[in-house]
Amino acid sequence: MRDYSLIGPDAERAVAAGLAAADWYHSDIPRKEMKALMAREDGPAIRDTLILYGAMVLFAGLGIWLWPSWWSAPFWLAYGVLYGSASDSRWHECGHGTAFRTAWMNNAVYHIASFMIVRNPVTWRWSHARHHTDTIIVGRDPEIAVMRPPAALRLLSNFFGLADAWAGWNRMILNASGRQDPEEATFIPESERQKVVTVARVWVVIYAATIGLAVWTGSILPLMVIGLPRLYGAWHHVMTGLLQHGALADNVIDHRLNSRTVYMNPVSRFIYWNMNYHIEHHMFPMVPYHRLPDLHERIKDDLPAPTRSIWAGYREMLPVLMRQLRGQDLFLKRALPATARPYREELHMAAGQPAE
Amino acid sequence: MTDWIDACATDEIDEEDVIRFDHAGRTYAIYHSPDGAFYCTDGLCTHEQVHLAEGLVMDHVIECPKHNGQFDYRTGEAKRAPVCVNLATYPTRVEGGRVQIKVS
């Protein structure tokens, strides 16, 4: 039985086995090419941010205008996905600081997105750094979404944000009171902890004002704009996010074996900001989202074959998760192409029983 | 007493780029800034021991390739989380087309 706690026995085992802060596999790319791929610019992210925020204003405006008619529902559904799902990828890319070249633009979008997705921007910056250091290492990675066996009820409820958003709001209240979760203390330096509290208190004020307005007007409309879309629009980021590492090997130090690249439709790629190229992102987190398709073309001969669609991803993942739920300790073994360099196969084999 | 150590030719580093230089069991990063000057820092990020020479130089900032933490490579100042601890810097000079560094 795996213990996913960051302060439990698997955390100690990972350190003892040399899986913590290990030397991960990277495909070879000449320095000049890598520099070109890493280069930052503001243009693509400014364009995408104007489209995103413009669409949010439009859809919310139409929703408010048509409220309380059911004709407003399609506009709320569209607004909800942009609020409750596109905020996940904006939080992610701007947290890495790669979306824009200009620092304040990254920070501004990062803080707005963090509020919408209900992830404290200070806490989650550190959490995500650990996720990149120890990707899907049990006991080390605080962002393992699909555990083994999967917590099925929690995963399903998250399509409506019921577990993770609720946890985010609870954590906000805890942090606003000046306290911190003991697991968070394992990856947030002491010098950063007051920032966690300050942000949580600002958020409490915003939510209190929104709830106050709803009570004063006798309508949930203010909460349809702020807060509730994190629930009714969460499904897209959960749908795409579970594919990142779901049912693949854990405790390996090769992103080709524990991450999944999935070809997706352009709308999902806009909402997800190209994080469907997930092996590429983990191997080279310096590359901005808008250059990931180029990076994919450059290194795909060294990677497992990409999954051809979201549907294909679920078709390969769900049967394995179902078998894990029945108690089998197995995973999807990624086959590297003949052109790929092999790396630490013994870890792959130790990750459990490969599914047929 | 410390001596100047020959590190590399000036044309081995493109402008706005960085290379790794190993000496006496330690690793350093040597930078060529956009205004033509050369700088030297410790080669490993202060957050987790990652070689900065694989990172990205933008103006006077080096960004770590693993977690995107940033330092001003002229002063070593940590500029962006997850880096919190400043980077050690070392004097440089150019002699006869060679970059030299002074490390204690």
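When reading the values below, keep in mind they use all heavy atoms of this one structure, side chains included, and skip hydrogens, waters and symmetry mates.
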Lys/Arg N to Asp/Glu carboxylate O, B/D17 vs A/R31, below 4.0 Å
yes

Which atoms of A/P285 are under 4.5 Å from chain B, going by heavy atoms: the side chain, the backbone, both sets, or neither?
both

Between CG of B/L56 and OG1 of A/T98, what distance do you get to the nearest 0.5 Å?
10.5 Å

Assess whether salt bridge (charged side-chain N to carboxylate O under 4.0 Å, His left out) is satisfied between B/E16 and A/K35, documenting all intermediate values.
CA-CA 10 Å; B/E16 208 171 27; A/K35 269 182 69 180; over 6 Å; no

To the nearest 0.5 Å, tell me how far B/M58 CE sits from A/R40 CZ.
4.5 Å

Side chain from CB out, backbone as N, CA, C, O: work out which of these in A/T133 comes under 4.5 Å of a heavy atom of chain B, or both, or neither.
both

Residue set satisfying salt bridge (charged side-chain N to carboxylate O under 4.0 Å, His left out) with A/E33, at least two apart, ordered chain then number -> A/R298

Assert top hit (heavy-atom pairs under 4.5 Å, partner chain A, pool B/P65, B/C64, B/A81) equals B/P65

Heavy atoms only: give me the nearest A/E192-B/C84 pair and the separation to one decimal.
OE2-SG, 4.4 Å

Could you check whether atom CG of B/D22 has more than 12 heavy atoms from other residues, nucleotides or ligands sitting under 6.0 Å from it?
yes

Within this structure, what is the CZ-CG distance for the pair B/R80 and A/N107, rounded to the nearest 0.5 Å?
7.0 Å

A/W126 side, atom CH2; B/H47 side, atom NE2 - distance, nearest 0.5 Å
5.0 Å

Looking at A/A129, is its backbone amide N or carbonyl O close enough to the side chain of B/H67 to form a donor-acceptor pair, meaning the two atoms are under 3.5 Å apart?
yes

Supply the atom-to-atom distance A/H132 NE2 to B/E48 CD, rounded to the nearest 0.5 angstrom.
12.0 Å

Considering residues at least two apart in sequence or located in another chain, which fulfil the side-chain hydrogen bond (donor to acceptor under 3.5 Å, both in side chains) criterion with A/E183?
A/S5

Bottom line for B/E63: the part with an atom under 4.5 Å from chain A's heavy atoms is both

